[in-house]
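Remarks on the structure that follows.
Start at 1 and go down the list; that is how both ligands and their atoms are numbered. The model shown is predicted, which means the values in this text are computed figures rather than measured ones.
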Amino acid sequence: GDLVVVAVDGPAGSGKSSVSKAAARRLGFAYLDTGAAYRALAWFALQRRVDPTDARAVADTLPDFDYRIGTDPDGYHVMVGEHDVTDAIRDPDVTAVVSAIARVPEVRVRLTELFRAIMAGTSREGIVVEGRDITTVVAPDAPVRILLTADEHVRMARRSAELTGHSAATVGEQLRNRDRADSRVVDFMNAAEGVTTVDSTDLDFDQTVDAVIAVVQREA
Ligand code: C5P
């Protein structure tokens with residue numbers, strides 16, 4: 001049958017990545033973290049000493065950006081050329097510039113093509129694709145489309161628990177700034193028509209995964 005695409009969008013700190021990965025694992029689906037690709041390009045631009053605010057210079061790195069991933073949720077690795085950047089793309093210096101990279105139109109077009117090619121190449125029955133514009137731009141025709149949200153104070157608390165050694169105030173400030181910058185490019189705070197909202201504010205991790213799987217079983 002047709003590939004079952006599960007599109008998941010949401011703000012930073014909503015638990016999107018870990019929830020989507022766990023849901024993919026339970027469903028036996030492939031998994032695609034689109035934010036990781038934007039982060040990998042940001043890492044690549046920094047390596048090349050490109051000014052992240054110079055849209056032209058950022059776009060010029062695209063022909064040399066050799067991005068490869070495995071879509072197995074249990075062994076998710078991000079490669080740029082020969083470099084395994086799975087950990088490096090989480091560095092604060094990458095996080096600090098990724099929004100500037102992601103607002104370059106050529107970047108969005110190129111990465112969207114890449115995501116569609118990865119989806120088309122999936123050998124499993126389905127794939128969970130997670131990001132900011134999956135329900136609206138990358139896979140608007142997906143049979144399952146979910147907006148994963150949580151109140152801002154809960155998202156900040158979860159993120160500062162993940163990042164040890166950073167004060168809650170700093171983490172909160174960075175999270176808010178990144179969401180604000182990203183919101184100017186794509187709307188991931190409001191569910192588009194036909195998109196199901198899963199609010200994890202009062203749910204723990206397992207309950208959130210259950211809620212996502214329930215939507216998949218109902219809508220796929
Ligand atoms: O999901 P994550 O926080 O890792 O995403 C990193 C950044 O990548 C976001 O802050 C945003 O700038 C960009 N992004 C995007 N579109 C997506 C996924 C991520 O612009 N679909």
Are any of the side-chain heavy atoms of [X] and [Y] separated by less than 4.5 Å?
X    : Y    : answer
I127 : L3   : yes
M119 : V138 : yes
L62  : L41  : yes
L148 : T208 : yes

Could you tell me, atom by atom, which parts of ligand 1 come under 4.0 Å of a heavy atom of [X]?
X    : result
G131 : 18 (C), 21 (N)
R90  : 4 (O)
K16  : 1 (O)
S99  : 12 (O)

Self-check item: Atom CG of D202 with >12 non-hydrogen neighbours under 6.0 angstrom
Solution: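 No.
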
Quiz item: Does the pair R155 and T201 meet the rule for a side chain to side chain donor-acceptor pair (under 3.5 Å), with working shown?
Solution: CA-CA 8 Å; R155 294 193 283 114; T201 304; over 6 Å; no

Quiz prompt | Intermediate values then yes/no, salt bridge (charged side-chain N to carboxylate O under 4.0 Å, His left out), R116 and E113 | solution = CA-CA 5 Å; R116 290 183 181 148; E113 284 170 5; over 6 Å; no

Please report which non-hydrogen protein atom sits nearest to [atom], along with the residue it belongs to and the distance in Å to one decimal place.
atom                    : value
atom 4 (O) of ligand 1  : R39 NE, 2.7 Å
atom 17 (C) of ligand 1 : R132 N, 3.4 Å
atom 14 (N) of ligand 1 : Y38 CD1, 3.6 Å
atom 18 (C) of ligand 1 : T34 OG1, 3.4 Å
atom 16 (N) of ligand 1 : R108 NH2, 3.1 Å

Quiz prompt | Short N or O distance, D133 and ligand 1, threshold 3.5 Å exclusive | solution =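 D133 vs ligand 1: N/O contact under 3.5 Å present.
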
Quiz item: Among side-chain atoms of Q174 and T95, is any donor-acceptor pair under 3.5 angstrom?
Solution: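 Short answer, no.
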
Quiz item: Hey, looking at atom 12 (O) of ligand 1, which of V185, D179, D182 has the closest heavy atom?
Solution: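 Selected option, by shortest heavy-atom distance: D182.
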
Quiz prompt | Candidate with minimal heavy-atom separation from atom 19 (C) of ligand 1, of G10, G35, S20 | solution =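 Among G10, G35, S20, the closest heavy atom to atom 19 (C) of ligand 1 comes from G35.
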
Practice problem: Run the salt-bridge test on R90 and D33 with the 4.0 Å N-O cut-off and return the result as yes or no. | Solution: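 Salt bridge flag = yes for D33 with R90.
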
Which bit of [X] gets closer than 4.0 Å to ligand 1, counting heavy atoms only: side chain, backbone, both or neither?
X    : value
R178 : side chain
R159 : neither
A102 : side chain

Quiz item: Can you check whether R68's main-chain N or O pairs, donor with acceptor, with D66's side chain at less than 3.5 Å?
Solution: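 Such a contact is absent between D66 side chain and R68 backbone.
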
